[in-house]
There are 2 protein chains.
Amino acid sequence: MAAGRPTNPLALAVLTLLVERPMHPYEMSSTLKERSKQESIKLNFGSLYSVIDSLAKRGLIEVHETTREGKRPERTVYTVTDAGRTTMVDWLSELLRTPAKEFPQFEAGLSLMPALGVDDVISLLQRRLEQLRREQEVGRRMLQQADEMGLPRLFVIEHEYELALQSAEIEFVARFLDELTSGTFPGIGIWRRMDELRTAGVPTDQIDTTIQEEFKEDFPWLNKQ
Amino acid sequence: MAAGRPTNPLALAVLTLLVERPMHPYEMSSTLKERSKQESIKLNFGSLYSVIDSLAKRGLIEVHETTREGKRPERTVYTVTDAGRTTMVDWLSELLRTPAKEFPQFEAGLSLMPALGVDDVISLLQRRLEQLRREQEVGRRMLQQADEMGLPRLFVIEHEYELALQSAEIEFVARFLDELTSGTFPGIGIWRRMDELRTAGVPTDQIDTTIQEEFKEDFPWLNKQ
DNA sequence: CGGCTAATACTCGACTTCAAGTAATTGATT
DNA sequence: AATCAATTACTTGAAGTCGAGTATTAGCCG
């Protein structure tokens, strides 16, 4: 009965399901898929069975019964314990109360971006923008359909959140692209010059000193480095 | 020399550093910290050494030399290979070009939210909103300072992106809270009734049928379930 | 000059993730 | 009646993640 809780949100999803009623792992997986939770919580079999083991080891859930039909694999039905119920409430509360530090892939990409050339980046971001707009359209239509079918917004709020973030990204990329293509982005001069020196085969430390020399007036910070 | 590439963006960061010049692992770590990349790319020692092994096994980097000073641990200096250079460009391009499916913690929380009571959720989200606003203030101030010091925007663009996402979340939470506290959120009636039945100890399947009966006119979708 | 913190440099092992594999049963189609 | 895809249900192993631990040296303060 190791202390603490698993870190994978899938374990929290398992707890909320077992608070509803006892289930076996495969049923949890189907239920989550049916309710489209797998779009908000990463779900795969390996992880599912392993977080269930982990919850059991910690005494947050326990085996309710094991059954088998014919020669099919055995089904292990689990229930939540009192400790599990408490953990569910605590954990879920924390998710809602405390903003977590996330590391989106695109942020990583942006932070390493200067390793590519300006013009390459422009065309990559244009493609991203198109893709994002297509996805946004799809997302919007799905929300609209859900609404028309009379599905309470309570059950799609997470998709509204996703759309909100997506729209913000679209605006960000569009504005950034605008500044890049119009040449008004402060720093594009440095970037182009770095490209030039790089493609000319100048070694990195020389690039640094050259850039420092050439741009020290525009960007005082370069001197302090 | 296993094919493919590691999936951890930290490995991409390592490649970009080694394209600049040969380095040993600890130096990579310090350089990334110095350039504040660890705010956009999760960095910890264990992962660093393991992605370096993985890159080496795949032939994307190789040992340049090993040195030691006094009785300190040996330093293994690595260089990037031609295959590594290509992989760096391909991978980084993909990060910028193709939106990746992410699973933010808060989205998981929102999708499981109905497991808590309405009033609890309201107070949790109020705390979140306050926290988000404080963090936004800090982030803004840091960007402003960077600007005043003459640091080109090119090198803080990832933080601008972070702020853009954060602002979108703030607006989303504020609006949602507004609808909840004013009672105009469609679905809050169902939610409160579910709370009520749950706290009264009614079993889950009975809650379902009761809710279905009571709300079938407002939300036709409930009938189809 | 002695002691204490910070920086340097990496190791370890417990835990988690994930895709692919296995194997039986149901249902639809030819 | 044969077959073939889809569904049910779980297992496995290779790889990846993470924080804590270890050990040395440099710098600094009184």
Side-chain angles (χ1 to χ4, degrees), chain A residues 1-14 17 22-34 38 41-58 60 63-78 100-103 105 108, chain B residues 1-14 17 22-34 38 41-58 60 63-78 100-103 105 108:
Chain A
M1 227 197 260
R5 52 169 106 117
T7 52
N8 190 337
L10 182 56
L12 176 58
V14 167
L17 288 175
M23 283 190 198
H24 56 93
Y26 189 81
E27 195 184 357
M28 298 179 205
S29 154
S30 326
T31 310
L32 290 173
K33 277 177 186 159
E34 202 184 287
Q38 92 290 0
I41 297 168
K42 208 188 296 180
L43 169 63
N44 64 54
F45 286 111
S47 305
L48 179 60
Y49 286 93
S50 102
V51 301
I52 286 174
D53 281 354
S54 166
L55 286 168
K57 224 180 281 169
R58 293 172 152 94
L60 302 176
V63 174
H64 183 68
E65 55 169 358
T66 64
T67 65
R68 100 177 308 159
E69 285 164 28
K71 275 181 202 163
R72 288 218 192 161
E74 208 171 50
R75 296 195 305 194
T76 307
V77 180
Y78 292 87
K101 172 92 196 104
E102 315 266 0
F103 295 87
Q105 305 256 71
Chain B
M1 228 197 261
R5 52 169 106 117
T7 52
N8 190 336
L10 183 55
L12 177 57
V14 166
L17 288 175
M23 282 191 198
H24 57 93
Y26 188 82
E27 193 184 356
M28 298 180 205
S29 155
S30 329
T31 310
L32 289 173
K33 277 178 187 158
E34 202 184 284
Q38 91 289 3
I41 297 166
K42 208 189 296 182
L43 169 63
N44 64 52
F45 287 111
S47 304
L48 179 60
Y49 286 92
S50 104
V51 302
I52 286 174
D53 280 355
S54 165
L55 285 167
K57 224 181 278 167
R58 291 173 153 93
L60 303 175
V63 174
H64 183 68
E65 55 168 358
T66 64
T67 64
R68 99 177 311 158
E69 283 164 29
K71 275 181 199 164
R72 287 216 191 160
E74 205 171 52
R75 297 194 304 194
T76 308
V77 180
Y78 292 87
K101 172 90 194 106
E102 314 266 1
F103 295 87
Q105 305 257 70

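Excluded from the calculations below are hydrogen atoms, water molecules and symmetry mates; all remaining heavy atoms, backbone and side chain alike, are included. Residue numbering restarts at 1 for every chain, and letters A, B, ... go by the order of the sequence lines.
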Working for side-chain contact (heavy atoms from CB on, under 4.5 Å), residues H24(A) and T76(A): CA-CA 5 Å; H24(A) 56 93; T76(A) 307; 5.6 Å; no

Nearest to the side chain of Y49(A) - dC18(C), dA9(D), dA9(C)? dA9(D)

Reckon N44(B) touches a base, only the sugar-phosphate, or nothing at all at heavy-atom distances under 4.0 Å? base

Please determine, for the side chain of S54(B), which listed nucleotide (dC10(C), dG16(D), dT16(C)) has the closest atom? dG16(D)

Interatomic distance, L43(A) CG vs dC10(D) P [rounded to whole Å]: 14 Å

Nearest whole angstrom, please: distance from the C1' of dC10(C) to the OH of Y78(B). 11 Å

Which heavy-atom pair separates S29(B) from L43(B) by the least distance, and what is that distance? O-CD2, 3.9 Å

Choose from dT17(D), dA9(D), dC10(C) the nucleotide whose nearest atom is closest to any side-chain atom of T76(B). dC10(C)

Heavy-atom check, side chain of I41(A) versus side chain of L32(A), under 4.5 Å: no

Please determine, for the side chain of F45(B), which listed nucleotide (dC10(D), dC18(C), dC10(C)) has the closest atom? dC10(C)

Rounding to a whole Å, what distance do you find between L12(A):CG and dT16(C):P? 15 Å

What integer distance in Å separates R75(B):CZ from dT11(C):P? 14 Å

Does OP1 or OP2 of dC18(C) have a side-chain N or O of K42(A) closer than 4.0 Å? yes

For S47(B), does its backbone N or O pair with a side-chain atom of N44(B) as donor and acceptor, under 3.5 Å? yes

Gap between atoms CD and P, on Q38(A) and dA19(C) respectively (whole Å): 14 Å

Nearest to the side chain of Y26(B) - dA7(C), dG16(D), dC18(D)? dA7(C)

Looking at dT17(C), dT17(D), dA9(D), which one has an atom nearest to any side-chain atom of T7(B)? dT17(D)

In whole Å, what is the span from the CG atom of L48(A) to the P atom of dT16(C)? 14 Å

Side chain of N8(A) only, please: which of dC10(C), dT17(C), dG16(D) is the nearest? dT17(C)

If you check the V51(A) side chain, which of dT17(C), dC10(D), dC10(C) turns out closest? dT17(C)

dA9(C) P sits how many Å from M23(B) CE, rounded? 13 Å

Work out which heavy atom in Y49(B) is nearest to a heavy atom in Y26(B); give both atom names and the distance. OH-N, 3.9 Å

Rounded to whole Å, please give me the gap between CG in D53(A) and C1' in dT11(D). 11 Å

